[in-house]
Amino acid sequence: MEMNIALLPGDGIGPEVIAQAVKVVRAVGKKFGHTINFEEALVGAAAIDQTGNPYPDTTHEVCLRAGAVLFGAIGDPKYDNDPKAKVRPEQGLLEMRKKLGLFANVRPTFTFPSLIHKSPLKLERVEGVDFVFFRELTGGIYFGEPRGRNEQGTKAFDTNVYTKEEITRLARMGFEAAQKRRKLLTCVDKANVLATSRLWRETVQELAPEYPDVKVEYEFVDAVAMRLIQWPKAYDVLITENLFGDILTDEASVISGSMGLMPSASVGTENKLFEPIHGSYPQAAGKDIANPLATVLSAAMMFEYAFDMKAEAQAISDVVNKSLAKGIVTEDIAEGSKAYKTSEVGDWLAENL
């Protein structure tokens, strides 16, 4: 099979971890007999520096031509530390999601047997954890209008807006995922306070009879924030709005012991993008020390979700677990043992595929 993949390395460590994912994807292509074509494009601070636009039209065209997008990270201190900057790297990410119609972020949380001791939670709480968040990506307070400040600059406002259609399409993805897993869906909202959350809960309640094999639970976001730490094994599939999902998925990411291990997908009706959940980590950029495993596992998600190639995805997951068991890891999880460089981990994974 021939596959066209857009590469958006982005900023900071993005280019380094994407380079390792490319090695692995090429090795998978060779192993399974696929022809894989890559096309690279600018995004984030790198794009601002060269074009003045964090998501140029040329980058959008590259994404539209591709069967999937592999994305690194965005963010740069020169923009992060300037609250008055009118153009920011993160605006490119929001624009990309909107233009590509990436309305659902799929973020799994699971543990690795050889690294479970690195979790900040007790062994009995995290052993066997396996849940997935479906976060709505293109609505809510990040996109709602009006927004801004008053003329004096002393009052700021953002608007949280959701339509029934936006909620329905995300919820259906959650229900369908739950049917393939443990048949448990949790709707996360703040329906006791927010009108948008009440619409979320009402919509999910209306859909539930169409999925009689799925048990549905409704929880307030603050309760979920606590229970993710107290009893993370209680969850299977969780669905939620943009802001809540942004916060909760980062909280969940540390359960495994390292943000450098967790992949994610952002999907829509036509387009699919795959990225690690960590940021651009500018302090490590160019040092060849960043953990590439989250990006490599994002490539595994790409094979499964974008190309329906489960064997290829499993091959990547297997070799990542093998590298962890053998200690072929970067300094963030080496624990006093030999730490391998980012590029060395990528080389090892590709060779052992």
Quick check: does any side chain N or O of [X] sit under 3.5 Å from a backbone N or O of [Y], one acting as donor and the other as acceptor?
{"X": "E2", "Y": "T35", "result": "no"}
{"X": "N242", "Y": "G139", "result": "yes"}
{"X": "K233", "Y": "E127", "result": "yes"}
{"X": "T154", "Y": "N150", "result": "no"}
{"X": "Q91", "Y": "R88", "result": "yes"}
{"X": "E16", "Y": "A290", "result": "no"}
{"X": "D11", "Y": "I74", "result": "no"}
{"X": "D130", "Y": "F110", "result": "no"}
{"X": "Q314", "Y": "A311", "result": "no"}
{"X": "K98", "Y": "T138", "result": "yes"}

Quiz question: by atom type and distance under 3.5 Å, do the side chains of [X] and [Y] form a donor-acceptor pair?
{"X": "T51", "Y": "N53", "result": "no"}
{"X": "D347", "Y": "S343", "result": "no"}
{"X": "T249", "Y": "R107", "result": "yes"}

TODO: Indicate, with yes or no, if the rings of Y305 and F303 have centres closer together than 6.0 Å.
DONE: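 Centroid distance Y305-F303: not below 6.0 Å, so no.
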- [ ] Mind jotting down which residue pairs meet the ring pair (Phe, Tyr, Trp, His ring centres under 6.0 Å) criterion with at least one end in residues 55-97? Sequence neighbours excluded, please.
- [x]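 Residue pairs with at least one partner in residues 55-97: Y55-H60.
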Task: Pairs flagged by ring pair (Phe, Tyr, Trp, His ring centres under 6.0 Å) wherever residues 162-185 is involved - sequence neighbours left out - done: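 Pairs touching residues 162-185 that pass the test: Y162-W200, F175-Y211.
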Which atom pair, heavy atoms only, marks the closest approach of [X] to [Y]?
{"X": "V161", "Y": "G144", "result": "CG2-CA, 4.3 Å"}
{"X": "A46", "Y": "G10", "result": "CB-O, 4.0 Å"}
{"X": "L353", "Y": "A315", "result": "CD2-O, 3.7 Å"}
{"X": "M173", "Y": "V267", "result": "CE-CG2, 3.3 Å"}
{"X": "S197", "Y": "A191", "result": "CB-N, 3.4 Å"}
{"X": "A178", "Y": "V214", "result": "CB-CG1, 3.9 Å"}

Are [X] and [Y] within salt-bridge range, i.e. N to O under 4.0 Å?
{"X": "D236", "Y": "R182", "result": "yes"}
{"X": "E241", "Y": "R135", "result": "no"}
{"X": "K190", "Y": "E219", "result": "no"}
{"X": "K78", "Y": "D49", "result": "yes"}
{"X": "K99", "Y": "D57", "result": "yes"}
{"X": "D189", "Y": "R198", "result": "no"}

Between [atom1] of [X] and [atom2] of [Y], what distance do you get to the nearest 0.5 Å?
{"X": "H34", "Y": "E312", "atom1": "NE2", "atom2": "CD", "value": "3.5 Å"}
{"X": "T240", "Y": "E136", "atom1": "OG1", "atom2": "CD", "value": "10.0 Å"}
{"X": "N291", "Y": "M262", "atom1": "CG", "atom2": "CE", "value": "10.5 Å"}
{"X": "L324", "Y": "L115", "atom1": "CG", "atom2": "CG", "value": "5.0 Å"}
{"X": "T342", "Y": "I289", "atom1": "OG1", "atom2": "CD1", "value": "7.0 Å"}
{"X": "L184", "Y": "Q179", "atom1": "CG", "atom2": "CD", "value": "13.0 Å"}

- [ ] Flag yes if more than 12 heavy atoms outside Q152 fall under 6.0 Å of its CD atom; otherwise flag no.
- [x]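 Counting neighbours around CD of Q152, more than 12 heavy atoms of other residues, nucleotides or ligands fall under 6.0 Å, so yes.
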Open item on the list: With a 6.0 Å cut-off (strictly less than), is the heavy-atom count around CD of E124, excluding the residue itself, greater than 12?
Closed with: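 Counting neighbours around CD of E124, more than 12 heavy atoms of other residues, nucleotides or ligands fall under 6.0 Å, so yes.
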- [ ] Decide salt bridge (charged side-chain N to carboxylate O under 4.0 Å, His left out) for E202 and K164; before the verdict, give the C-alpha distance in whole Å, the side-chain angles of both, and the deciding distance to 0.1 Å.
- [x] CA-CA 9 Å; E202 290 169 10; K164 200 176 189 71; 5.5 Å; no
Can you confirm whether [X] sits close enough to [Y] that some side-chain heavy atom of one is under 4.5 Å from a side-chain heavy atom of the other?
{"X": "F131", "Y": "I255", "value": "yes"}
{"X": "T186", "Y": "I239", "value": "no"}
{"X": "S264", "Y": "N105", "value": "yes"}
{"X": "C63", "Y": "L8", "value": "yes"}
{"X": "N271", "Y": "L102", "value": "yes"}
{"X": "I229", "Y": "E251", "value": "yes"}
{"X": "D246", "Y": "Y142", "value": "yes"}
{"X": "T330", "Y": "K341", "value": "no"}

Task: Working for salt bridge (charged side-chain N to carboxylate O under 4.0 Å, His left out), residues E95 and R97 - done: CA-CA 5 Å; E95 185 71 8; R97 289 170 179 169; over 6 Å; no
Cluster link [X] to [Y], ILVMFWY, side chain under 4.5 Å:
{"X": "V221", "Y": "V193", "answer": "yes"}
{"X": "I277", "Y": "V126", "answer": "no"}
{"X": "F143", "Y": "I167", "answer": "no"}

- [ ] Before giving the answer on side-chain contact (heavy atoms from CB on, under 4.5 Å), spell out for L137 and S266 the whole-Å C-alpha distance, their side-chain angles and the decisive distance to 0.1 Å.
- [x] CA-CA 8 Å; L137 269 187; S266 297; 3.4 Å; yes
- [ ] Report the C-alpha distance between Q230 and R227 in whole Å, list the side-chain angles of each, state the deciding distance to 0.1 Å, and finish with yes or no for side-chain contact (heavy atoms from CB on, under 4.5 Å).
- [x] CA-CA 5 Å; Q230 296 172 321; R227 290 186 69 204; 4.1 Å; yes
Open item on the list: Against the six-membered ring of Y340, is K338 placed for a cation-pi contact (under 6.0 Å from the centre, within 45° of the normal)?
Closed with: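 Yes, K338 sits over the ring of Y340.
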Task: Lys/Arg cation over aromatic F103: R169, 6.0 Å, 45° cone - done: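 Cation-pi check for R169 and F103: passes.
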- [ ] May I have the step-by-step check of side-chain hydrogen bond (donor to acceptor under 3.5 Å, both in side chains) for E39 and N4, ending in yes or no?
- [x] CA-CA 8 Å; E39 189 173 6; N4 297 314; over 6 Å; no
- [ ] Could you walk me through whether R172 and L207 pass side-chain contact (heavy atoms from CB on, under 4.5 Å), step by step?
- [x] CA-CA 8 Å; R172 286 197 183 279; L207 290 173; 3.3 Å; yes
- [ ] Could you check F133 against V106 for side-chain contact (heavy atoms from CB on, under 4.5 Å), going step by step and ending with a plain yes or no?
- [x] CA-CA 6 Å; F133 268 96; V106 186; over 6 Å; no
